[in-house]
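Heavy-atom basis, side chains included; hydrogens, waters and symmetry copies ignored. Letters A, B, ... are given to chains in the order of the sequence lines, protein chains preceding strands, and every chain is numbered from 1.
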Number of protein chains: 2
Amino acid sequence: MAITIKDVAQLANVAPSTVSRVIANNPRISEKTKVRVRKAMSKLGYHPNFIARSLANQSTRIIGLVMPSSSNDYYQNPFFPTILQGLSEGAQENHYSLLLSTGKTEDEIYEGVVNMVQGGMVDGIILMYSRMNDHILTYLRERDFPFVIIGKPYDYIEEITYVDNDNVLAAEQATDYLIKLGHERIGFIGGDVTLVMTLDRLSGYERALKRAGIDRRGEYTLHEDFLHEGGQAAAKRLLSIEEPPTALVVSDDLMALGIVHSLREMGVRTPEEISIVSFNNVLFSELSLPALTSVDINIFDLGYQAAKGIIHMLQTGDAPAGTIIPHHFVERHSCRSIKQGAMAMTY
Amino acid sequence: MAITIKDVAQLANVAPSTVSRVIANNPRISEKTKVRVRKAMSKLGYHPNFIARSLANQSTRIIGLVMPSSSNDYYQNPFFPTILQGLSEGAQENHYSLLLSTGKTEDEIYEGVVNMVQGGMVDGIILMYSRMNDHILTYLRERDFPFVIIGKPYDYIEEITYVDNDNVLAAEQATDYLIKLGHERIGFIGGDVTLVMTLDRLSGYERALKRAGIDRRGEYTLHEDFLHEGGQAAAKRLLSIEEPPTALVVSDDLMALGIVHSLREMGVRTPEEISIVSFNNVLFSELSLPALTSVDINIFDLGYQAAKGIIHMLQTGDAPAGTIIPHHFVERHSCRSIKQGAMAMTY
DNA sequence: ATGAAAGCGCTAACAG
DNA sequence: CTGTTAGCGCTTTCAT
């Protein structure tokens with residue numbers, strides 16, 4: 001058995017409650033005894049027991065992290081660790097810890113969250129994604145349990161604290177960029193259609209086309225899980241269209257890389273024959289060939305602000321509204337102008 | 001206040017301890033009362049409180065995860081999330097949770113670990129790296145606290161439970177491969193030199209050279225943090241050598257990508273002018289240009305087995321020895337043969 | 001300024 | 001088979 005508050009109390013000749021007060025740095029304890037107690041603590045190598053404290057306090061200073069159930073893809077994407085780094089830093093600064101949800105299927109994850117919440121393991125939850133009709137979100141709302149969502153809520157946006165980019169605007173700008181380069185046959189390759197992020201980027205894409213007076217073609221929009229097939233399916237589909245697009249807006253760098261790769265295998269070169277702009281600007285976007293033109297969404301900040309947000313909620317009790325993290329466009333070498341007479345922008 | 005065991009007891013007309021026994025599915029309770037108690041539980045929506053249980057049991061069913069302090073690089077590398085996925089799956093299967101260490105500096109991390117351990121927050125620890133003279137390792141050993149290390153222990157290898165690849169052999173094979181292709185001027189680009197993994201790969205590289213009767217040249221071995229500079233520094237250094245290497249063994253795919261990129265910018269093409277074999281075989285190794293020849297070290301398994309290992313230790317009390325995860329060589333297009341008369345192996 | 005005592009919710013002897 | 005009781009280690013009234 002480890003050193004407890006009682007051992008310290010005994011050595012310092014005070015009551016356990018006094019030791020507790022010293023730990024909390026209660027001002028009603030005289031400096032003298034504080035010093036004496038602290039000496040006893042370090043002499044014994046005392047360390048407070050978190051579990052006991054949590055039980056008494058009804059608070060653990062632990063934040064639960066919930067990942068989407070399509071975890072395989074999520075884990076593979078550099079998006080995930082970066083956001084985790086942001087969360088970690090935000091938590092650390094306020095002396096909070098992070099508990100990971102495990103579980104592969106949606107049910108397993110749901111159950112895990114219920115255990116975390118009802119089991120009193122966490123003071124708050126961060127949902128690392130936003131999707132439509134999410135059971136977990138509903139559950140947390142019903143119980144009125146503090147949570148922050150990374151991404152734009154699908155419903156009840158006024159009542160939920162979230163951290164997000166302006167994905168509609170970002171996608172609109174990305175599409176605009178392609179339009180300015182002279183492209184009209186522009187496709188959109190999205191990720192998981194149940195994620196609000198995907199929907200937002202799609203509507204930004206549509207808005208840009210509309211404003212430019214370009215008709216949107218159904219066959220130019222693809223939504224699938226291309227990570228594992230490395231974009232093969234998407235590439236084939238695109239090339240089978242009679243009038244294939246000359247440019248693509250791709251919802252994610254890794255997907256973009258897969259598509260570039262597959263198209264190349266089928267003899268279509270980027271950016272010579274097809275221009276691509278993608279999202280996230282992860283580290284390898286810069287290192288790939290061609291280097292990817294990408295929208296940097298400040299992934300780290302997304303995590304950092306989410307951590308700050310939930311901690312703020314827990315400490316003050318009030319729920320800040322949505323926080324929008326700025327994005328910026330990073331032009332590299334995966335797009336070329338197809339205006340008549342323009343120079344090719346190649347690597 | 002939430003529903004407690006007492007509420008259930010009252011409704012079911014039994015003592016709290018009986019409810020506790022029903023939760024534990026104690027065989028000494030009659031089916032009748034079990035049913036009655038369970039009915040009461042679901043009627044009230046009872047959920048056991050983890051904290052209280054942990055305090056009484058002196059066990060949390062939580063495993064602490066410790067990442068290296070050079071976290072920036074670590075987080076950026078797809079290695080990290082994949083290993084986490086393995087850990088997560090191994091934990092989930094046994095109903096354990098994962099607590100992340102936060103903290104950027106070595107001191108912060110150390111303090112975090114001490115809090116986890118002495119605070120009773122975790123039953124065991126997984127060190128996600130192995131480095132020489134690690135304070136944390138020493139601390140855990142001194143306290144005789146259960147832990148598993150991912151990577152080969154630098155010291156006391158007989159006394160520590162670990163999960164690792166045979167990195168020496170893997171690097172030897174990778175180097176052999178290049179030698180067989182006719183290369184003699186082979187360089188080695190390692191990562192953090194305090195990581196045992198780096199040392200092992202270096203010695204495998206040296207062993208292969210030695211066996212082939214090739215003198216090792218000091219200037220062919222580079223150790224730096226190339227992630228952020230995208231390999232610029234390494235590329236420059238290599239090209240400044242009078243007789244630059246014709247092939248490289250690179251300790252990590254992401255680094256390899258950075259070097260390929262930088263060399264390309266300086267006019268040196270892979271694999272035409274320089275062959276590269278790297279490690280880890282992360283997803284984008286296949287998608288990059290050229291696709292990287294890489295040693296697949298089964299990252300997921302590394303994590304999965306580590307989780308299994310610590311849980312086994314916790315449940316049985318005995319400490320399994322080292323587990324070696326097999327690796328395999330994945331030949332792609334980043335190397336070419338330079339034997340006289342041989343065909344170039346290009347993409 | 002400090003001590004005594006109750007209690008956070010659960011488990012585990014010990015009785016019966 | 002089930003109830004009683006005493007903790008797990010800490011916090012927090014309520015006294016003094």
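- For B:Gln58, whose side chain is taken as the heavy atoms from C-beta onward, the closest listed nucleotide among C:dT2, D:dG9, C:dG9 is D:dG9.
- At a cut-off of 3.5 Å, with distance as the only test, a side-chain donor of A:Tyr304 or A:Glu93 sits close to an acceptor on the other residue.
- If you check the side chains of A:Asp318 and A:Thr316, you find a donor sitting under 3.5 Å from an acceptor.
- Rounded to whole angstrom, the span from the CZ atom of A:Phe50 across to the P atom of D:dT11 amounts to 11 Å.
- Within 6.0 Å of atom CD in A:Glu158, 12 or fewer heavy atoms from other residues, nucleotides or ligands are found, so the atom counts as exposed in its surroundings.
- Rounded to whole angstrom, the span from the NZ atom of A:Lys6 across to the P atom of D:dA6 amounts to 13 Å.
- Rounded to whole Å, atom C1' of C:dC10 lies 16 Å from atom CD1 of B:Ile3.
- Along DNA chain D, the nucleotide nearest to A:Val19 and the one nearest to B:Asn57 differ in position, and the one closer to the 5' end is contacted by B:Asn57.
- Within the 4.0 angstrom heavy-atom criterion, no nucleotide atom of any strand lies near A:Asp7.
- A:Thr33 comes within 4.0 angstrom of the backbone, heavy atoms only, and of no base.
- Contacts of B:Asn26 with the nucleic acid, taken as non-hydrogen atoms under 4.0 Å apart, are absent.
- The listed nucleotides are D:dT12, D:dT2, C:dC10; the one nearest the side chain of A:Ser20 is D:dT12.
- Checking D:dC8, D:dT11, C:dG3 against the side-chain heavy atoms of B:Leu55 singles out D:dC8 as nearest.
- What separates CD1 of B:Ile5 from P of D:dG7 is a distance of 19 Å, to the nearest Å.
- Picking from D:dT2, C:dC10, C:dT2 the nucleotide with the shortest atom distance to the side chain of A:Arg28 gives C:dT2.
- The residues B:Arg131 and B:Asp192 are annotated as salt-bridged, a charged nitrogen and a carboxylate oxygen being separated by less than 4.0 angstrom.
- Counting only N and O atoms by type, the side chains of A:Tyr129 and A:Asp134 include a donor and acceptor under 3.5 Å apart.
- Comparing the end axes of the helix from C:dA1-D:dT16 to C:dG16-D:dC1, each fitted to five base pairs by superposing C1' atoms of four pairs onto the next four, gives an inter-axis angle of 40° (nearest 10 degrees).
- By the side-chain contact (heavy atoms from CB on, under 4.5 Å) test, A:Ile157 is found to be paired with A:Lys152, A:Pro153, A:Tyr162, residues two or more places apart in sequence or in another chain being considered.
- With D:dG3, C:dG3, C:dG9 as the candidates, the nucleotide lying closest to the side chain of B:Val14 is D:dG3.
- Residue B:Thr18 places at least one side-chain N or O closer than 4.0 Å to OP1 or OP2 of D:dG3.
- Taking all atoms of both residues into account, the shortest heavy-atom contact from A:Asp7 to A:Thr4 is OD2-N, 2.8 Å.
- Considering only side-chain N and O atoms, B:Ser30 lies nowhere under 4.0 angstrom from the phosphate OP1 or OP2 of D:dC1.
- B:Asn25 places its CG atom 15 Å from the C1' atom of D:dC1, with the value rounded to the nearest Å.
- Atom NZ in A:Lys32 sits about 12 Å away from atom C1' in C:dA1, given to the nearest Å.
- Other residues, nucleotides and ligands place more than 12 heavy atoms under 6.0 Å from the CD atom of B:Glu108.
- Side-chain atoms of A:Arg21 and base atoms of D:dT13 include a donor and an acceptor less than 3.5 Å apart.
- Using a 4.0 Å heavy-atom distance criterion, B:Tyr46 is classed as a sugar-phosphate-only contact.
- To the nearest angstrom, P of C:dA12 lies 13 Å from CD1 of B:Ile29.
- Between the CD atom of A:Gln10 and the P atom of C:dA4 there is a distance of 12 Å, rounded to whole Å.
- Within 4.0 Å of B:Ser17, counting heavy atoms only, lies at least one base atom of the nucleic acid.
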